[in-house]
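First up is the structure itself, then whatever we jot down about it.
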Protein chains: 2
Amino acid sequence: MRDINTDLRVVRTKESIRHALVELINEKGFEAITVKDITTRAKINRGTFYAHYQDKFDLMTKCEEKIMLDMSKITKQNFPSVIAALETDSQPLAPFSLTVSLSEYLNINSGFMKAVLGPKGDLSFQTRLKEFMWETLYGNNPNAFIKEENFLVPGQYLASYMGTAIIGVIQQWLESGRKESPQEMARILTTITVNGPYFAAGLKK
Amino acid sequence: MRDINTDLRVVRTKESIRHALVELINEKGFEAITVKDITTRAKINRGTFYAHYQDKFDLMTKCEEKIMLDMSKITKQNFPSVIAALETDSQPLAPFSLTVSLSEYLNINSGFMKAVLGPKGDLSFQTRLKEFMWETLYGNNPNAFIKEENFLVPGQYLASYMGTAIIGVIQQWLESGRKESPQEMARILTTITVNGPYFAAGLKK
DNA sequence: GTAATACACAACAGGTTGTTTATTATTATA
DNA sequence: TATAATAATAAACAACCTGTTGTGTATTAC
């Protein structure tokens, strides 16, 4: 019995496929990429690609699933502190340590993240990530944004607002070359989302 | 001398092409659409398509340019009040009337807008629209978000935050069937972006 | 060392692309 | 309304990409 996932040939092949994918997305956008592009760049036979993935969408999905799984794991690692934050809740916000951890993860995987979140990236992934962000950072908190009747604004719009806004800030960070540290990004995300743009602009004390 | 833009055959053909495009984006997403799909759906010859557009990207770009041009016109129509708001400025915000006008425009063109802004839509358009939104609603105001030194958060992140957040709320509105009136959406957009999510959630007075 | 198997190579039919041709149908205009 | 202009059609074309398959070779795990 042999394990596909540890065979050095498979590992090497998949690595060069993923590497080629990221390069090509940054160059010409996911849409314009052909399987032939990928295999040429990865220096593998086209048939080999189809031995591992159904098509370029399958490849993309599997790469994205890995990212989402990693981020879920990070969230679960922070779960004790999330629970603590919820029970003593006054702030409808995920613990700062979680935001830092996620920022650090994005920083490490910035190659792929920049590609898929950039203007030539994958829209469906952004939609999924948006939902994940909302769920992770705000959705679990029963004391926060769930009391629909109190809302000045329908809850669905608040959720969309928060989700897309966070993605927007992350996109900008990745696009502009990650000049801020993950810790600083976590602070920016917290400041801007919790207090609103007026406060973040220094116009309100 | 005959005018291409008024020849009924041309008008009819282009209309059915655009109509087919919107339908197909909603069904299978822009990426999966072929020129053959479009021409079959529009019930025209494939050669006719290429007489008007280079490819599906060219078609998409021209449809999008029309939208952006319309929105620019609406903004310019509101320009007197924008100027007035800037000169007596205390709020880094476009006049409410402009937000209402833009919401109304989105409502009228909701077929196309829902398609291109939806999860199967066009990412590059969203990027451009985001920039347009920021420029239109906030970017022109010299008294607002431009004084970089005052920022608790770097200005570029504030801009990204506002731009993507607005798009996010609009997306949610289109996706969930436009239950709110354009006027109500304008109010929601104003409340949520100016005062921040805490206030909008009724958690801060 | 040896068996397992991932990979390369090559060929295949089927589909899309973008272009071009001759022909037909529709339109604008005098 | 007659007629000249021209948009749309049908059909064919090479070029390309797709997804699959079969054979032989090279690499790997055990």
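Heavy-atom basis, side chains included; hydrogens, waters and symmetry copies ignored. Only a predicted model underlies this, so the values are computations on that prediction, with no experimental measurement involved. Just so we're on the same page: letters track the sequence lines, and every chain starts at 1.
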Presence of salt bridge, A:E27 and A:R41, under 4.0 angstrom: yes
Nucleotide nearest A:T34 when distance is taken to its side chain, options D:dA8, D:dT28, D:dT18: D:dT18
NZ/NE/NH1/NH2 to OD/OE distance under 4.0 Å, B:K56 and A:E31: yes
Gap between atoms CG and P, on B:L8 and C:dT29 respectively (whole Å): 11 Å
Rounded distance in Å - OH (A:Y53) to C1' (D:dT18): 19 Å
For atom CZ of A:R12 and atom P of C:dC7, their distance in whole Å: 8 Å
Presence of A:H52 side-chain N/O under 4.0 Å of C:dA6 phosphate oxygens OP1/OP2: no
Sugar-phosphate, base or nothing in reach of B:K14, heavy atoms under 4.0 Å: nothing
Ring pair (Phe, Tyr, Trp, His ring centres under 6.0 Å) pairs, two or more places apart, involving residues 164-192 of chain A: none
Range-with-range stems for DNA chain C, at least three Watson-Crick or G-U pairs under 3.5 Å: C:1-11 with D:20-30, C:13-17 with D:14-18, C:19-30 with D:1-12
Set of salt bridge (Lys or Arg N to Asp or Glu O under 4.0 Å) partners for B:K73, sequence neighbours left out: none
Separation of C:dC7 P from A:K43 NZ (nearest whole Å): 16 Å
Qualifying side chain to side chain donor-acceptor pair (under 3.5 Å) pairs with a residue from residues 109-131 of chain A, counting only residues at least two apart or across chains: A:E64-A:R128, A:S110-A:R178, A:D122-A:S124, A:S124-A:R128, A:Q126-A:Q171, A:K130-B:Q171
Distance test, side-chain N/O of A:T13 to OP1/OP2 of C:dC7, below 4.0 Å: yes
Side-chain N or O of B:T48 closer than 4.0 Å to phosphate OP1/OP2 of D:dT9: yes
Rounded distance in Å - CG (B:D7) to P (D:dA4): 18 Å
Nucleotide D:dA8, atom P - distance to CD of B:E15 in whole Å: 13 Å
Salt-bridge contact A:R12-A:E15 (side-chain N to carboxylate O under 4.0 Å): no
Between P of C:dA11 and NZ of A:K36, the distance in whole Å: 15 Å
Carboxylate-amine/guanidinium proximity below 4.0 Å for B:D70 and B:K66: yes
Euclidean distance, atom CZ of residue A:R9 to atom P of C:dA6 [Å, nearest integer]: 6 Å
Can you check nucleotides 18-24 of chain C for protein contacts, nitrogen or oxygen pairs under 3.5 Å, and list what you find?
unit_1: C:dG18; atom_1: OP2; unit_2: B:Y50; atom_2: OH; d: 2.8
unit_1: C:dG18; atom_1: N7; unit_2: B:R46; atom_2: NH1; d: 2.9
unit_1: C:dG18; atom_1: O6; unit_2: B:R46; atom_2: NH2; d: 2.9

Ring pair (Phe, Tyr, Trp, His ring centres under 6.0 Å) pairs, two or more places apart, involving residues 48-68 of chain A: A:F30-A:F57, A:F49-A:Y53
Pair B:Y161 + A:Y161: ring centers closer than 6.0 Å: yes
